[in-house]
Visitor: 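Have a look at this one.
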Amino acid sequence: MGRDICFTTEQFYGCACGNLRAATRVVTRQYDEALRPTGLRISQLGPLVAISLFGPISITELAEKMFIDRTTLSRDLRLLQRRGYVRTRAGNDRRFREFSVTPKGQDSMAQALPLWQQAQARMRALLGNDNLKALLAQLSQVIVAASDKS
């Protein structure tokens, strides 16, 4: 009737994807809690900051820079638009829209920055400065390696 499970405990706990996702969930909760007073989640602050740094920018370009799928990014951008933090304008092609940060979005980022810095300092304290630097370097390697299209 049932099938034998063919995964081992070592495979379960040794899964790179599973461990990265678990780490992401735990760390995300830390940053979301720190940002709570702003009403922003880290998943919303990221696109807001990226648009501020790279904008005006299309959703396709933004998704590529953030290594995120367009559907997930669209959901966050709609919320940021409804709150008045970002605006869009049509490009040369009617199907093409560019996102930019509004003054209200700039104010929100200014409020979020010290809270984000506190969360970042907490992670640095928990992991140690050298471990955090090593982790970030390793994560960059993972991103590059896993993004390789060849």
Side-chain angles (χ1 to χ4, degrees), residues 7 12-150:
F7 276 90
F12 176 77
Y13 287 112
C15 175
C17 184
N19 278 280
L20 282 168
R21 290 176 59 86
T24 298
R25 286 189 298 270
V26 172
V27 172
T28 295
R29 280 195 292 269
Q30 296 287 321
Y31 282 80
D32 281 349
E33 184 59 35
L35 293 171
R36 185 183 306 273
T38 68
L40 285 171
R41 299 175 64 92
I42 194 67
S43 61
Q44 297 157 350
L45 181 60
L48 194 57
V49 170
I51 293 168
S52 178
L53 291 171
F54 305 116
I57 189 169
S58 73
I59 191 169
T60 300
E61 293 169 313
L62 186 60
E64 288 172 2
K65 288 190 179 298
M66 295 185 69
F67 298 94
I68 188 170
D69 71 79
R70 285 179 45 131
T71 303
T72 302
L73 184 57
S74 291
R75 193 171 36 247
D76 290 329
L77 290 174
R78 275 194 302 276
L79 179 62
L80 293 172
Q81 268 187 287
R82 278 196 307 268
R83 290 184 175 175
Y85 297 159
V86 297
R87 66 175 155 255
T88 61
R89 73 177 171 95
N92 296 337
D93 181 340
R94 291 172 83 89
R95 296 168 295 171
F96 181 80
R97 295 181 302 155
E98 289 184 323
F99 290 86
S100 59
V101 177
T102 65
K104 184 176 180 181
Q106 293 286 345
D107 291 345
S108 182
M109 283 191 300
Q111 182 185 6
L113 178 60
L115 300 173
W116 175 88
Q117 288 171 324
Q118 289 172 7
Q120 187 75 356
R122 184 170 195 277
M123 290 307 301
R124 186 173 285 110
L126 289 170
L127 297 174
N129 195 51
D130 290 342
N131 286 336
L132 180 59
K133 282 183 179 179
L135 174 63
L136 294 174
Q138 289 172 337
L139 289 172
S140 291
Q141 290 175 351
V142 169
I143 292 167
V144 169
S147 297
D148 186 16
K149 304 292 191 250
S150 59

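This is a predicted model, so every value here is computed, not measured. The chain is numbered in sequence order, starting from 1.
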Visitor: Quick check on side chain to side chain contact (heavy atoms under 4.5 Å, CB included): which of L53, V86, D76, L77 does L48 satisfy it with?
Guide: V86
Visitor: Looking only at non-hydrogen atoms, find the nearest pair between Q44 and G39 and report the distance.
Guide: OE1-O, 3.9 Å
Visitor: So, taking the atom named CZ in F99 and the one named CG in L80, what distance separates them when rounded to the nearest 0.5 Å?
Guide: 9.5 Å
Visitor: Taking the side chain as every heavy atom from C-beta outward, state whether I42 and W116 have any atom pair closer than 4.5 Å.
Guide: yes
Visitor: Excluding sequence neighbours, so at least two apart, what forms salt bridge (Lys or Arg N to Asp or Glu O under 4.0 Å) with D107?
Guide: none
Visitor: Any heavy-atom pair between the side chains of R29 and D32 that's under 4.5 Å?
Guide: no
Visitor: First locate atom CD of Q118, then atom CZ of R122, and finally report the distance between them rounded to the nearest 0.5 Å.
Guide: 11.5 Å
Visitor: Where is the tightest heavy-atom contact between S108 and L40, given as atom of each residue plus distance?
Guide: OG-CD1, 3.1 Å
Visitor: First locate atom CZ of R21, then atom OG1 of T28, and finally report the distance between them rounded to the nearest 0.5 Å.
Guide: 10.5 Å
Visitor: What heavy-atom pair brings N19 and G14 nearest, and what distance separates the two atoms?
Guide: ND2-C, 4.1 Å
Visitor: Could you walk me through whether L113 and M109 pass side-chain contact (heavy atoms from CB on, under 4.5 Å), step by step?
Guide: CA-CA 6 Å; L113 178 60; M109 283 191 300; over 6 Å; no
Visitor: Just how far is it from atom CG of L35 to atom CZ of R41, taken to the nearest 0.5 Å?
Guide: 10.0 Å
Visitor: Please answer whether the main-chain N or O of L20 pairs with a side-chain N or O of T24 as donor and acceptor at a distance below 3.5 Å.
Guide: yes
Visitor: Y31 vs L45, test: side-chain contact (heavy atoms from CB on, under 4.5 Å). Steps then yes/no.
Guide: CA-CA 10 Å; Y31 282 80; L45 181 60; over 6 Å; no
Visitor: Which residues pass the side-chain contact (heavy atoms from CB on, under 4.5 Å) test with A34, not counting sequence neighbours?
Guide: A119
Visitor: Using 0.5 Å steps for rounding, measure from the CZ atom of R97 to the CZ atom of R89.
Guide: 12.5 Å
Visitor: Quick check for you: to the nearest 0.5 Å, what is the distance between L73 atom CG and R78 atom CZ?
Guide: 10.0 Å
Visitor: For residues 54-68, which residue pairs pass the salt bridge (charged side-chain N to carboxylate O under 4.0 Å, His left out) check, not counting sequence neighbours?
Guide: none
Visitor: Which atom pair, heavy atoms only, marks the closest approach of M66 to P47?
Guide: CE-N, 3.5 Å
Visitor: Would you find a donor on one side and an acceptor on the other, under 3.5 Å apart, between the side chain of T38 and the backbone of Q111?
Guide: no
